[in-house]
Amino acid sequence: MQSVYLCRGLHKPKTRRYAISCCSNALRFFGGVPKAIISDNLKSAVNRSSRYEPDINRSFKDFARHYNCVINPTRGYSPQDKALVENAVHLAYQRIYYPLREMTFFSLKDLNREITVLLERYNNLLFKRKESSRIELFQRTERQYLKDLPADTYELKDYKRAKVQKMGYVYFSPDKSYYSVPYRYIGKETTIHYTKSRVEVFYSHERIALHQRNLIKGSYITNTDHLSSTHRFYSEWNPEFFKKKALPHGEYVLACIEKILASQDYPEISYKRSLGIIQLHRAYGSQRLNNACKRALDTDACSYLRIKNILKNNMDRVHLLDDPTQQIQPHIPFHSNIRGASAYE
């Protein structure tokens, strides 16, 4: 069994998906893979028939590559290439379909179960001129020529073309979602190969991205390795990220960042303010930033602009009283000519 004819009877459902699914089921039923699959010249398998070099459908060729076999279509207008399979189809109708003609089924599962029973009975029938059945001949003669099935069942591939957008993603129209690719391919035309479970992006026949397919519409599927250094920095923003950034500059910087993160319902605002405060150490140093944050905490003024003003006006170098209950003495001395609000009542 170095070759097997699988595609007879697929002219009616002229869909490529159905044809390849039938072939995959047939190989699983045989329990192995032949060296060649002889197909008819239907459009689901052959784009352009030729006696010497036919053009195989792209999806069917990918199917053969997955199972490590080749596609060898029959010659056009040569009925002698199809004689055996035509007779097998006739016998299948006679032994399986004909007994089912008056039965009523209420589910596809019940129908398939009855077909399986009739198929086993048909394969176990003894030939008139041979003292063996079809299943026995297969196991004794043909089974040894089959190669092992691959570990994974073949998934039908479809193809789309997409341009890499400026943000480093390709738009996947079937799901209305976005998949990341390495940022150096921004602006390039790519080809998307997709199955039910995964999405692959190719550029110049080279795979540049592989993702698990996400069926949620409008979603962004990101591989952080694809992002530029700037985008990767933004993608890492979260409360722990900013706390870790603040810790080396002092305990008061950390306390100030924690207070800002807890004060905002919308995280992006607090992230920007926190980043601004942490970046002040570049101009003023960590020690002065820590002192400024201490003063901001004591006066309940934890914000980027206030801390920046404290540093700009050197207020971080003016120490507040350790006892907050004590009043700071005014620079105007008290005397009898000073009257308060009570004098105007």
Chemist: Can you name the closest pair of heavy atoms from Asn290 and Val253 and give their distance?
Modeler: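 Here Asn290 and Val253 meet closest at OD1-N, 3.3 Å.
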Chemist: So which atom in Tyr203 and which in Glu189 form the shortest heavy-atom distance, rounded to 0.1 Å?
Modeler: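 Minimum heavy-atom contact is CD1-O, 3.3 Å.
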Chemist: Does Tyr67 have any ring pair (Phe, Tyr, Trp, His ring centres under 6.0 Å) partners at least two apart in sequence or in another chain, and if so, which?
Modeler: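 Counting only residues at least two positions away or on another chain, Tyr67 forms a ring pair (Phe, Tyr, Trp, His ring centres under 6.0 Å) with Phe63.
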Chemist: Taking atom CG of Asn87 as the centre, report whether more than 12 heavy atoms of other residues, nucleotides or ligands fall under 6.0 Å from it.
Modeler: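 Counting neighbours around CG of Asn87, more than 12 heavy atoms of other residues, nucleotides or ligands fall under 6.0 Å, so yes.
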Chemist: What I'd like to find out is whether the side chain of Gln165 reaches to under 4.5 Å of the side chain of Val170, using heavy atoms alone.
Modeler: no
Chemist: More than 12 heavy atoms of other residues, nucleotides or ligands under 6.0 Å from CZ of Arg282: is that the case?
Modeler: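 Open.
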Chemist: As a test of understanding, state which of Ile260, Leu261, Leu254 forms a side chain to side chain contact (heavy atoms under 4.5 Å, CB included) with Glu258.
Modeler: Leu254
Chemist: With sequence neighbours excluded, give me every salt bridge (charged side-chain N to carboxylate O under 4.0 Å, His left out) pair touching residues 207-216.
Modeler: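 Pairs touching residues 207-216 that pass the test: Asp175-Arg213, Glu200-Arg207.
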Chemist: Could you point out which residue of Asn57, Thr74, Asp55, Asn41 forms a side chain to side chain contact (heavy atoms under 4.5 Å, CB included) with Val46?
Modeler: Asn41
Chemist: Evaluate the side-chain proximity of Arg95 to Leu118: yes if any heavy-atom separation is below 4.5 Å, no if none is.
Modeler: no
Chemist: Determine, using ring centers only, whether Tyr271 and Phe242 are less than 6.0 Å apart.
Modeler: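 Centroid distance Phe242-Tyr271: below 6.0 Å, so yes.
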Chemist: Would you indicate whether Glu53, at its atom CD, is surrounded by more than 12 heavy atoms from other residues, nucleotides or ligands within a distance under 6.0 Å?
Modeler: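 Not more than 12 within 6.0 Å, no.
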Chemist: Are any non-hydrogen side-chain atoms of Leu156 and Ser21 less than 4.5 angstrom apart?
Modeler: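 Sidechains of Ser21 and Leu156: no contact.
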Chemist: Are the side chains of Leu100 and Ile115 in touch, meaning some heavy atoms are under 4.5 Å apart?
Modeler: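 A side-chain contact under 4.5 Å exists here.
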Chemist: Looking just at side-chain N and O atoms, do Ser197 and Gln212 make a donor-acceptor pair shorter than 3.5 Å?
Modeler: no
Chemist: Run the salt-bridge test on Asp298 and Lys294 with the 4.0 Å N-O cut-off and return the result as yes or no.
Modeler: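 Salt bridge: yes.
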Chemist: Using the side chain to side chain contact (heavy atoms under 4.5 Å, CB included) rule, take Lys160 and Ser173 through it: C-alpha gap first, then chi angles, then the decisive distance, then the call.
Modeler: CA-CA 8 Å; Lys160 291 287 183 182; Ser173 56; 4.0 Å; yes
Chemist: So, do Leu91 and Tyr122 sit near enough that their side-chain heavy atoms are less than 4.5 Å apart?
Modeler: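 Counting from C-beta outward, Leu91 and Tyr122 do come under 4.5 Å.
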Chemist: Whether the Asn314 and Arg288 side chains hold a donor-acceptor pair (N or O, under 3.5 Å, no angle test) is what I'd like checked.
Modeler: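 Present: a donor and an acceptor within the cut-off.
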Chemist: Count the heavy atoms of every other residue, nucleotide or ligand shown that sit under 6.0 Å from NZ of Lys147, and state whether that count exceeds 12.
Modeler: yes
Chemist: At their closest point, which heavy atom of Ile37 faces which heavy atom of Cys69, and how far apart are they?
Modeler: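 Closest approach of Ile37 to Cys69: CD1-SG, 3.8 Å.
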Chemist: Should the heavy atoms of other residues, nucleotides or ligands under 6.0 Å from OH of Tyr97 be counted, would the total exceed 12?
Modeler: no
Chemist: Run the side chain to side chain contact (heavy atoms under 4.5 Å, CB included) test on Asp62 and Arg65 for me, step by step, so that the C-alpha distance in whole Å, both residues' side-chain angles and the decisive distance to 0.1 Å come before the verdict.
Modeler: CA-CA 5 Å; Asp62 185 69; Arg65 189 181 302 113; 3.1 Å; yes
Chemist: Could you tell me which non-hydrogen atom of Cys302 sits nearest to which non-hydrogen atom of Cys256, and how far apart they are?
Modeler: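 Heavy atoms only, the tightest pair is SG-SG, 3.2 Å.
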Chemist: Test Ser39 against Phe60 for side chain to side chain contact (heavy atoms under 4.5 Å, CB included), laying out the working first.
Modeler: CA-CA 10 Å; Ser39 73; Phe60 205 42; 4.1 Å; yes
Chemist: What heavy-atom pair brings Leu289 and Ile278 nearest, and what distance separates the two atoms?
Modeler: CD2-O, 4.1 Å
Chemist: Using a cut-off of 6.0 Å, state whether more than 12 heavy atoms not belonging to Lys188 lie near its atom NZ.
Modeler: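 No - once you tally the heavy atoms of other residues, nucleotides and ligands closer than 6.0 Å, there are 12 at most.
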Chemist: Take atom OH of Tyr98 as the centre, draw a 6.0 Å sphere, and report whether it contains more than 12 heavy atoms from other residues, nucleotides or ligands.
Modeler: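 For Tyr98, atom OH is not crowded (no more than 12 foreign heavy atoms under 6.0 Å).
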Chemist: Hydrogens and angles aside, do Thr299 and Arg295 bring a side-chain donor and acceptor to less than 3.5 Å of each other?
Modeler: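 Result is no, nothing qualifies.
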Chemist: Under 3.5 Å, is there a donor on one side chain and an acceptor on the other for Thr222 and Tyr179?
Modeler: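 There is no such pair (donor and acceptor under 3.5 Å, judged by atom type) between the side chains of Thr222 and Tyr179.
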Chemist: Report yes if some heavy atom in the side chain of Phe127 is under 4.5 Å from a heavy atom in the side chain of Arg134; otherwise report no.
Modeler: yes
Chemist: Using the test ring pair (Phe, Tyr, Trp, His ring centres under 6.0 Å), find all partners of Tyr304 that sit at least two apart in sequence or belong to another chain.
Modeler: none
Chemist: So that I can tick it off, tell me whether Asp300 and Arg306 are bridged by a salt bridge, with the cut-off set at under 4.0 angstrom between side-chain N and carboxylate O.
Modeler: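 So Arg306 does not pair with Asp300 through a salt bridge.
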Chemist: Taking the side chain as everything from C-beta on, heavy atoms only, tell me whether Asn214 gets closer than 4.5 Å to Ser177.
Modeler: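 When only atoms from C-beta onward are counted, Ser177 and Asn214 do not touch, as no gap falls below 4.5 Å.
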Chemist: Distance from Ile269 atom CD1 to Ser263 atom OG, nearest 0.5 Å?
Modeler: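 Output value for this atom pair is 9.5 Å.
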Chemist: For the residue pair Asp110 and Ser107, confirm or rule out a side-chain donor-acceptor distance under 3.5 Å.
Modeler: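 Yes, because at least one side-chain N or O of Asp110 sits under 3.5 Å from a partner of the opposite role on Ser107.
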Chemist: Is the Tyr194 to Phe172 ring centre distance short of 6.0 Å?
Modeler: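 Yes, the ring centres sit under 6.0 Å apart.
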Chemist: Within the structure provided, determine whether Val201 and Val164 are in side-chain contact (heavy-atom separation under 4.5 Å).
Modeler: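 No, too far: nothing below the 4.5 Å cut-off.
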Chemist: Show, in sequence, the C-alpha distance, side-chain angles and deciding distance for Leu280 and Lys308, and conclude whether the side chain to side chain contact (heavy atoms under 4.5 Å, CB included) test is met.
Modeler: CA-CA 7 Å; Leu280 289 172; Lys308 183 179 179 181; 4.3 Å; yes
Chemist: Identify the two heavy atoms, one from Arg140 and one from Ser132, that lie closest to each other, and give their separation to 0.1 Å.
Modeler: NH2-OG, 3.7 Å
